[in-house]
Structures are given as structure tokens and as C-alpha cells.
Amino acid sequence: MIRHAAFSSLAVALSILLTGCVSDQLISAAGSVASAAGVPGAEHVGAGTKVIQAGAKALEDFTPDQKHYIGRSIAATITSDSGVVNNNTANMYINLIGQTLAALSDKPQTWSGYHFIILDTDEINGFAAPGGFIMISRGLLKCCKSEDEVAAVLAHEVAHVQLDHGMSAISKGRKREVLKVLAIELIKAQASQDIGALTGAFGDTIADVINNGFKNGYSREFEATTDLVAVDLLQRAGYDPYALTRVLDVMNARYTPDKKGFAKTHPDPSERITNINKSLASTPKGSIHAQRQARYTRALGNL
Amino acid sequence: MKSYGILGLLIVIGITFVTPSVHARPKSPQYLNVQEANLLSSPGFGAQTLAILRANDKLTVLSERGSYLQVTTSGGKTGWVPATSLQKRKLDLTMDASRATSGTGKQELAAAVPGFNSDVEKKFMAKNPKVNMTAVDKMEKWKITTKQSQLFLKQGGLTIKTGSVK
């Protein structure tokens, strides 16, 4: 019980650390709490301070390697549910487009790189999990009639990764709690390798991103910002930036205001088209390129 | 004479805003926050690889150009890396519990940092038997090299926009 109370105090101390700079006084105070909690080595000031500093650092944010594991499990949950298209030519083609676009973006690298796969569903959806695991449904690819339009869809998802939208799908309360668990478990692990609480926190994080990001979609503001980053990325690679508006035109024709299908996860496409057109005011439209069209048909023609 | 002056001013403004400018930065150490990265000969896509960097490699930042930083490695090599692949704080790389407990010394145990890692992933999978990693493991193996990207762009008649390093 005393041990439990001590850990609660530690959590409070670490919560204070989360709200501001990690001052020497706070580290010292947290060190005293850790010592009271029976953390091995905490009685020695140096070791105790090191432990608390590590705990305080764990509270700041998820690290890129942790985002990688969060992204893996989210992608596994979605791909296990939808199934994936087992067509290597098609998957390699979207990886060629997607990874090339990612390399030209402002965030060209994630912990293990960007990876793309086609979901075996006719629903219109795409999702970028943290760490760069990007899933595009067959239904969404069928809305695309050219490589430039496929690139537009993939650029939009790369932009979500660049803007870290996947992690923002974790509610603020959940994030605070999970980071707290990570910090406390880090300190407790000096004595034990029990990772039960971590597993629970991990599962809650995955559920938050899937429910808030994948099933319910991002806000109108997030989608608008993401579209503009995507358009810029398309221009960097030499693709026609208007390709994104053409995909949105197809989606618009299928949009039902009853919030079913992709309408549940995405704002009205017509608003997004207006937003993009405004940003491209003086940009000339591109034309269909024969070689690109031929390889697009070869790779995705039989999807 | 006056028109030359205006022309000169316009050229200076053009260079300032069209070409990403290089800013000297106070020399400060930063750490690589991705598993692996190339140390590039110049900022941006397609530059020559000078060395392979690993997570937590300590790098001294010399200057910045757009979204890239010029750095020096502890071995003395100088090159460029994306700014988003560096951070001021060294990562407490999470370590699998199996590796942590295999050490006999207390020091090694103390160095183990628990977090969201493959051990937690395994426990998560055990609790969710309908979820499997097959597709994710497969997609992680699909890696496109810079050369493949360059060829893909060329064959598709795509030209990278000049000055796209922002």
C-alpha cells in the first residue's frame, strides 16, 4: 500500500514535470519520491536522479521507435480486418510512387521508412498509421484513373505522416495517462520486468488511433492542411497537382451527406476541391503522360 | 543607371527567396532519431551517400538549408541529413525484456529501457489473436532505393521541381 502510494506520488511529481521544464528542484523532488517508492539505487542521489530524468524524459512524448511499434500494431489490426490485395506488381507500384514522394517531402524518413499496401476492400478509404505505415483501399484506388491521381492519394497520406496526425488521434487524456504509465513502468522496471501495465497502455493507444483516426476520420481543418501539403509534394515530384481535385471529383459524385461509407471519415469533397483550387490559382494544369499511363494500366488495370 | 540598381536589387531578392538559403548555426550536438540514414553530399533527394548513420549517432550541427541540416559525425565526416531525422535529446532506445534480463550485471539491467517495443507488441498480439503481423512484416520489406526512385521518375517523364528543398 505504501509502495502504491509512493508510486502515485511519483506520478504526481512526474505530471508536474510534464507541464514545464525539468528543473533541478523537480528532479530532486521526484528522486526523493522514487527513493520512497523503493526504486533500487534511488538512495544514491546520482542513480536516483538518472532514473527520474529518464522517467521525466519518457513523459515528454512518444519516441520515433515507439511510434513505429504503435504504427505496426495499428496496421496489423486494419490489415487483419480488411485483408490485403496479394498482387506484388500493384503493391510494388504504389511503393515506388509513395516512397519516392516521401523522399521528396519535408519528412523523408521515419524510424523504419514509409511502407504502402493495398487493402482488399471496395470501401473508399486510406489511412496513414504513425511511423509511416500507409494503407490504401482498392475502392480508393479505383477512384483514380491515372498515375498522377494515385500519386495524389499517396501524397495526401504521406502528408498525414509528415504532420503527425496519426498520433494526434490519441486523445489528450489518453496520451497523458499512457506517457505516465511509460514513465512509471520505466522506473519500476529497475526492480522488475513486468510489462503488464505497458501492454494495457499500448492496447488503449492502438484503440484510440483506430477509433478516432481510422473509423471516424480527421477534422475538416486537418484534411484541408493535409491537402495543401500533398499538392506541394505533387509539384515537387513533377506530377499534376490538379490530380488531387480529380480524385476528389470522383469521390464527390459518390458522396452521401448521410455520413455513410467514406463520408463518415472525410469532410465534403467539394469544400476540399475549392480549398485546393484556391491554392493553385495561377498553376497550369498538367497533361496525361503516355508512359505513366501505360505503367499505371499495367500495374493497377486488373485490380 | 538607376534601372541597373533596381535590377540588382531584384536579383538579390530573387536569390534570397527562390534559393533556399544556408544559415550558420551555433555548433550543437544532436542525435539521429531514425533507425538508419544516409549522410548526404548535399541537401535534398538524390545526393551522393557519404556514410551510413545509425540511431543515436551523435552529430554536430554546422548549418541549415531548408529542411536539411549540415552535420559533422564524431568520425569527422561532414554531410547533410533531413532536419526531422535529428533531435536534441538522445533516445532511450527501448530494449526487449529478454535482452535486458539476459545480462548478469546490475548495470546492464539498469540500462534496459522498457517501453513500446517488440515484447509489448508480442503481448498485445497474444491478447488479440485475430490480429496478425504477416502483412505488416511483408510491407516493411518493400524498400525503394534512391536509384530506383530516380529511374522511376525518369521513365515516367517526371522532373523534380528545382529548389524543392524547402
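A, B, ... follow the sequence lines: proteins, then strands. Residue 1 opens every chain.
Under a 4.0 Å N-O distance rule, the pair A/Asp164/A/Lys107 does not qualify as a salt bridge. In summary, A/Asp106 and A/Arg236 engage in a salt bridge, as defined by a charged side-chain N under 4.0 Å from a carboxylate O. The pair B/Asp137-B/Lys141 fails the salt-bridge criterion, with no side-chain N (NZ, NE, NH1 or NH2) lying under 4.0 Å from an Asp/Glu carboxylate O.
With a threshold of 4.5 angstrom between heavy atoms, A/Gln162 does not approach chain B through any atom at all. In this structure, chain B has a heavy atom under 4.5 Å from the side chain of A/Ile70, while its backbone stays farther away. When heavy atoms are compared at a cutoff of 4.5 Å, A/Ile97 approaches chain B by way of both its backbone and its side chain. At a 4.5 Å heavy-atom cutoff, the contact between A/Ser73 and chain B is made by backbone and side-chain atoms alike. For B/Lys138, the part lying under 4.5 angstrom from a heavy atom of chain A is the side chain only. Looking at A/Asp81, neither its backbone nor its side chain comes within 4.5 Å of chain B, counting heavy atoms on both sides. Of the two parts of B/Gln87, only the side chain, counted from C-beta on, holds a non-hydrogen atom closer than 4.5 Å to a non-hydrogen atom of chain A. Contacts of A/Ile134 with chain B are made by backbone atoms alone, with heavy-atom separations under 4.5 Å and no side-chain atom involved. With a 4.5 angstrom heavy-atom cutoff, A/Phe116 touches chain B only via backbone atoms. Interface residue A/Arg295: only side-chain heavy atoms are found under 4.5 Å from chain B.
In this pair, A/Tyr93 and A/Tyr296 present their aromatic rings tilted. The plane angle is within the 30 to 60° band.
Of the residues considered (B/Thr159, B/Leu32, B/Leu158), B/Leu158 shows the highest number of contacts with chain A, using heavy-atom pairs under 4.5 Å. Each of B/Ile144, B/Asn33, B/Thr84 has some count of heavy-atom pairs under 4.5 Å with chain A, and the biggest count is that of B/Ile144. In terms of non-hydrogen atom pairs under 4.5 Å with chain B, the most contact-rich of A/Gly98, A/Gly203, A/Ser112, A/Gly83 is A/Ser112. In terms of heavy-atom pairs under 4.5 angstrom with chain B, the leader among A/Ala76, A/Gly113, A/Ala290 is A/Ala76. Here A/Met92 is the residue among A/Gln291, A/Met92, A/Met135 with the most heavy-atom pairs under 4.5 Å with chain B. With chain B as partner, the option from A/Ile78, A/Asn91, A/Leu233 having the largest number of non-hydrogen pairs under 4.5 angstrom is A/Asn91. When A/Leu96, A/Thr77, A/Asn95, A/Asn88 are compared by the number of non-hydrogen pairs under 4.5 Å with chain B, A/Leu96 comes out ahead. Looking only at heavy-atom pairs under 4.5 Å with chain B, the residue among A/Arg292, A/Gln99, A/Arg72, A/His289 that has the most is A/Arg72.
B/Asn56 places a side-chain N or O within 3.5 Å of a backbone atom of B/Leu91 that can act as its donor or acceptor partner. A donor-acceptor contact shorter than 3.5 Å is absent between the side chain of B/Asn38 and the backbone of B/Leu40.
With no hydrogens or angles considered, no side-chain donor-acceptor pair links B/Thr60 and B/Thr72 at under 3.5 Å. When only modelled atom types and interatomic distance are considered, A/Tyr114 and A/Gln109 share no side-chain donor-acceptor pair under 3.5 Å.
For A/Phe133 and A/His68, the ring centers sit closer than 6.0 Å to each other.
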Derivation of the side chain to side chain donor-acceptor pair (under 3.5 Å) call for B/Ser63 and B/Gln70: CA-CA 5 Å; B/Ser63 66; B/Gln70 188 185 35; 2.8 Å; yes
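Using a 4.5 Å cut-off on side-chain heavy atoms (C-beta onward), A/Asp204 and A/Ile206 make no contact.
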